[in-house]
Amino acid sequence: MATGTTSSGTTRGKAGGSRRTPTSTGTASGRPTRRLVIVESPTKAKKIAPYLGNDYVVESSVGHIRDLPRGAADVPAKYKGEPWARLGVDVDNQFSPLYIVTPEKKSTVSELREALKSVDELLLATDPDREGEAIAWHLLETLKPKIPVRRMVFHEITESAIRAAAENTRELDQDLVDAQETRRILDRLYGYEVSPVLWKKVMPKLSAGRVQSVATRLIVEREWARIRFTSAEYWDIGAQLDAGAEATPRQFGARLTQIDDDRVATGRDFDSDGKPKAPTGARAQRTDARLGDAGSGLRILAEADARRLAESLQDQAMTVSSVESKPYTRKPYPPFMTSTLQQEAGRKLRFSSERTMRSAQRLYENGHITYMRTDSTTLSDTAIQAARAQARELYGDRYVADSPRQYTRKVKNAQEAHEAIRPAGESFRTPGEIAREVDGDDFRLYELIWQRTIASQMNDARGTTVSVRITGTAGTGEACTFSASGRTITFPGFLKAYVESVEDESPGNQADDAESRLPELTEGQALTAVELDPDGHSTNPPSRFTEPALVKQLEELGIGRPSTYASIIKTILDRGYVWKKGAALVPSWVAFSVVNLLEEHFGQLVDYDFTAGMEDDLDSIASGHDSRVDWLNGFYFGAGKSAESSVAQAGGLKKLVGANLEEIDARTVNSITMFPNDPQYDNVVVRVGRYGPYLERIVDGESQRANLKDDLAPDELTPEIAEQLFSVPQEGRKLGTDPVTGHEIVAKEGRFGPYVTELLPDPEPPADGTTKKKAPAKPKPRTGSLLKTMSLDTITLDDALKLLSLPRVVGTDPDSGDEITAQNGRYGPYLKRGTDSRSLSDEEQLFTVTLEQALEIYKQPKQRGRGAAAQPPLRELGTDPSTGQKMVIKDGRFGPYVTDGESNASLRKGDSVEQLTDERASELLAERRAKAPPKKKAPAKRTAAASKTGTTTSKKAPAKRTTTRKTPAK
DNA sequence: CAGTGAGCGAGCTTCCGCTTGACTT
């Protein structure tokens, strides 16, 4: 399987070409033409096979069958040494991709090959979108059929649609394939070039990508908005009014909205800084024009004002000054697509995106619903008829829309390869009818889909909204206007079947079926105020993203696809960028660092419009107006014909991750200034370090530090909390007092992980008159790292005292007279006798090993390090056919490796010590040699590694890579 | 962020988008 996507030539077809597939003619031998149809989904294959009859064999590819290699292990030997093997794309040679059959798809491919043998024609019936076109092309490239091949497309799975599609095929659209390949390569380059920058500058194993990085950025930006948010306080007056004994309802609530000519401020009148919004010129003008001299000013009520007004309105006459009534109509919502299904299942059933999709998959596979990964709200004609028939049956004629409703909502970048998500079949089964076969999540989700689909073909809801103004004059002379509004629904229409939930219900954000009744009121009518309550309110920060809210936002930006919405969330959770607090997605401090770096140095790549721009460019490739290579040249090298994109303007991705790498200062990136506008706390930074995030500030030239708890959400870190945290670590967690010394024992988190130490009493101040030149050496407190079995939360005083008792004198070596001690160190527990040391296998041995056992251990040769006896090889191999050198497998600190005395190469995933062949060993050694020549005797420069990574971390920064002992938090 | 003794073959991490079982507990 070589490179070169366009070189094969055999498959390049005219875009959009279409002709009738001959169907009636048979083969020369007289039997009818047999055709193999390949679709993507096995369920779909089963479904359409009966529609096509016996002359068709229907199989499925089960999604993509080939892809770029995931990593070095997947690269065929032939390309292993290539400089671009890591990317899987030969960037210097037309961006030729290297495709391999995905390992788990090998069996699928051989099954398809087998099926191909018994047919006369191949119909590639993968989905009618960009990815589907590419899958078709990969099938062609992989199967290399010697029979005629046609492309078959259909958008709905009904017998007529399928039969029509089989009759009306076209050729493969190579331009569309090119667009997909461009997308694939772009994502690979972005992901595999930018992620390593994060490994070097923030933390290993992190990742960046076109989709996940924007998702993370959205969540971090929202958190910043919450952090910066300042709440505003405002007051109004709630009135309970009485319309007299005849009225129903007799009483109703109203709210103070105007004082004289000034409007009373509500939450909407404040910005995120807690300040009143400046009225826009246009609005002020318009208001003036309409209301003449009224309503031009804004009045923010303070508590005292509100109380005073309420007081002076007591017992004053209240009169209805206006009644305005308007018709209320609501149209049904479109049928579900993936994003809206996830949103509603999230709100109504509290399902995560993943749970929704798992359940939907089961419903699909069991034939209860149509395909669940779709960006279309279109219903087939049969589905519309089914929905209408069912609505009629359940609710009667009057509830069904006069004519079929078709929803053509345009989602950004929608590909519309499938129908909307709806109950399957030409007549729908009610939830009650499938209850016996389906339960739990699946039943509830089906019910949701069924209701929504039925409702989409029903009539508008109709009713009336009424706005009433009531005026009274306060004892102090102000004219106070109260407002109330009511909504009555006279004809529920579709609301009878389905009402969409709202994320957070507030006065301005009510469900569509919410009703509030006002009594019949007429202008001039007198009312009595039963209650007048001054009411305090405060504005709220923007709420955090929930899973469905994030999916909605991504969809609006055209980022991600129905098949990936759930996995995007999984990715950012897995990377530790985000954690869940109830339903809310909270960013981690690492996410702040990563977004910091990306915004600062890769701004074009995390721009919210990046994907939208890419989609436009892909469209122009798909339509044949632009070329794949030109576009990628611009993106990667910042050169070529189409170099107008923002990334190209910045010099291209290669430059951004290469030459510009040195400009990225790790210390700056990993420092988050929390309160930049607070003069007292603007020196407080969160630092994201190897050992997890911590707080730091410099006071009088001295650094104060404090650990941050994992469950502290960034917006909860206020100056007060910071101050509190700074005061804690100095003390650590108190465990008690050492009965021997009387010193207090504390457990703390340190540079090398958790440890215990003692608090020494302050040294006595020097006595009067004595002017000692030199203070006595400050005594050092004893310290001890926690054993692996211990944790900071559970360690006891006894444990701590045991640790502080180290090193333990095991005894005296009778031969040398040297003392043998047991202690815990950098590399774990060990014995020490003079300068000679031996590792212990178990931390418990620190306290239990006897002199006898210790002497026995010293009799053994040193296991590791200089002076250690050479280890016998794990296994002897033959000679390397290419060099003639004898090869052996040895065990090393990174696991087993093969060596010929000069080069060493680790065994890879899938290699075993027992089964490694000479050929494989030779191959591994050859690979190693290709990458780097065997090491010379001269030791490498100590700073080489640091300069290679381009790290510009200042010397003051803690050495980040010096310890392997504790893994970073999480 | 505490300070506690050696020295030593790297290799791998990572993207997005299309689809489901095959694995083990």
Side-chain angles (χ1 to χ4, degrees), chain A residues 40-44 60-65 67-68 70-73 86-87 102 104-105 108 126-127 129-132 134-135 180 183-196 198-199 204-213 361 365 373 560-564 567-568 571 575 687 689 691 694 696 703-707 729 748-753 755-757 780-785 806-807 823-828 830-832 835-839 862-868 890 892-895 897-899 902-906 908-909 928 931-932 934-935 958:
Chain A
E40 289 180 39
S41 153
T43 309
K44 199 193 255 187
S60 65
S61 72
V62 201
H64 271 292
I65 54 157
D67 194 11
L68 303 173
R70 221 160 32 79
R86 184 181 68 83
L87 294 171
T102 320
E104 60 267 27
K105 289 296 167 52
T108 308
T126 48
D127 293 350
D129 56 19
R130 201 163 61 208
E131 296 295 327
I135 293 174
Q180 189 277 346
R183 198 277 308 153
R184 180 67 191 92
I185 292 173
L186 158 79
D187 282 330
R188 168 52 64 89
L189 294 175
Y190 186 146
Y192 275 35
E193 291 285 34
V194 181
S195 297
L198 300 181
W199 305 341
K205 299 196 181 180
L206 295 178
S207 62
R210 175 175 56 83
V211 172
Q212 60 167 290
S213 294
Q361 176 89 29
E365 285 173 4
R373 291 185 276 263
R561 304 277 312 132
S563 65
T564 62
S567 60
I568 293 165
T571 299
R575 295 285 166 273
R687 290 203 194 282
Y691 322 103
Y694 62 95
E696 186 178 36
S703 152
Q704 281 183 6
R705 291 177 159 149
N707 273 315
K748 297 162 85 165
E749 189 73 33
R751 197 150 53 96
F752 309 123
Y755 70 105
V756 291
T757 188
K780 279 183 181 169
R782 294 172 296 163
T783 61
S785 280
L806 296 173
Q823 52 202 298
N824 209 2
R826 170 87 175 73
Y827 309 103
Y830 68 104
L831 290 173
K832 187 174 172 177
T835 57
D836 194 10
S837 64
R838 290 288 190 282
S839 285
K862 216 172 163 78
Q863 293 294 307
R864 311 201 62 97
R866 191 159 49 190
K890 288 188 169 183
R893 75 190 149 121
F894 303 124
Y897 65 102
V898 56
T899 177
E902 275 180 44
S903 296
N904 309 301
S906 283
R908 306 289 168 76
K909 271 186 205 159
R928 178 79 195 112
K931 267 196 184 163
K935 250 195 185 161

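Side-chain atoms are counted along with the backbone in the values below, which use heavy atoms only and exclude waters and symmetry mates. The structure displayed is predicted, hence computed values, not measured ones. Quick note on labels: first sequence line is chain A, next is B, and so on, each numbered from 1.
- Within 4.0 Å of A:T571, counting heavy atoms only, lie sugar-phosphate atoms of the nucleic acid but no base atom.
- Note on A:Q361: only backbone sugar-phosphate atoms sit closer than 4.0 angstrom, heavy atoms only; bases stay farther off.
- For A:D187, taking side-chain heavy atoms from C-beta onward, the closest of the listed nucleotides B:dT4, B:dG17, B:dC16 is B:dC16.
- Distances shown here put a side-chain N or O of A:T564 below 4.0 Å from the OP1 or OP2 atom of B:dG17.
- Contact annotation: A:Q212 reaches the phosphate of B:dC16 (side-chain N/O to OP1 or OP2, under 4.0 Å).
- Side-chain proximity of A:R184 to B:dT19, B:dC16, B:dT14: nearest is B:dC16.
- Between A:R373 and B:dT20, a side-chain N or O to OP1/OP2 separation shorter than 4.0 Å is present.
- Residue-level contact check: A:T757 touches neither bases nor backbone, having no heavy atom under 4.0 Å from any strand.
- Side-chain proximity of A:K205 to the nucleotides B:dC18, B:dT20, B:dT13 is greatest for B:dT13.
- Contact annotation for A:R183: base contact, defined as any heavy-atom pair under 4.0 Å involving a base atom.
- Of the listed residues (A:R184, A:R561, A:R183), just one forms a side chain to side chain donor-acceptor pair (under 3.5 Å) with A:E131, and that residue is A:R183.
- In this structure, A:Y190 does not count as stacked on the base of B:dC15 under the 5.5 Å centre distance and 30° plane angle limits.
- Within the 4.5 Å cutoff, no side-chain heavy atoms of A:S60 are placed close to those of A:K44.
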